[in-house]
Amino acid sequence: LDGRSCAVLAYGQTGSGKTHTMVGPRGDPGIVFRAMELLLSSARARGAGRAYAVRVRVLEVYNEAVRDLLRPGETMLHGAGEDMLEGAHWSGGSGSGSGG
């Protein structure tokens, strides 16, 4: 809420519980839903008259390819990297972009 960026990562072998940790089962939300709930309730608690811009990106990195999970038909993105001034970036496919 104060202009900070953050990332939540889950790393591990297949079947180790990454999706369960991040998303959770019905009735027991994972980290992603809990974090968004806290973020939005904090914004509401600060009162009316304030405007916030929240950007969310959900990416999967598998075999050195990056896929945007919020855009399910997009081609795989390759060439992920990071630049100190520009932030995260990738190239390739129709989803080329930057995540600054």
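Worth knowing before you read on, the calculation uses all heavy atoms, side chains too, and leaves out hydrogens, waters and symmetry mates.
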Report summary line: Residues at least two apart in sequence or cross-chain that pass side-chain contact (heavy atoms from CB on, under 4.5 Å) with Val32, listed by chain then number, are Met22
Query raised in the report: Looking at residues at least two apart in the chain, or sitting in another chain, which of them share a side-chain contact (heavy atoms from CB on, under 4.5 Å) with Ile31?
Result: Val8, Thr21
Requested in this report: With sequence neighbours excluded, tell me which residues meet side-chain contact (heavy atoms from CB on, under 4.5 Å) with Leu9.
Outcome: none
Report task. Can you sort out the partners of Arg46 under side-chain contact (heavy atoms from CB on, under 4.5 Å), two or more places apart, ordered by chain and number? Result -> Leu1, Asp2, Arg50, Tyr52
Query raised in the report: Can you tell me how far CG of Leu39 sits from OG of Ser41, rounded to the nearest 0.5 angstrom?
Result: 8.0 Å
Query - Test log, rule side chain to side chain contact (heavy atoms under 4.5 Å, CB included), inputs Val56 and Met36 - result: CA-CA 10 Å; Val56 176; Met36 289 304 297; 4.1 Å; yes
Query - Pairs flagged by side chain to side chain donor-acceptor pair (under 3.5 Å) wherever residues 28-39 is involved - sequence neighbours left out - result: Asp28-Arg34
**Report entry** Inter-residue atom distance Leu69.CG - Arg57.CZ, 0.5 Å rounding
**Finding:** 11.5 Å
Report summary line: Contacts satisfying side chain to side chain donor-acceptor pair (under 3.5 Å) that involve residues 6-18 (not counting sequence neighbours) are none
Query raised in the report: So which heavy atom on Leu70 is nearest to which on Asp68, and how close?
Result: N-OD1, 2.9 Å
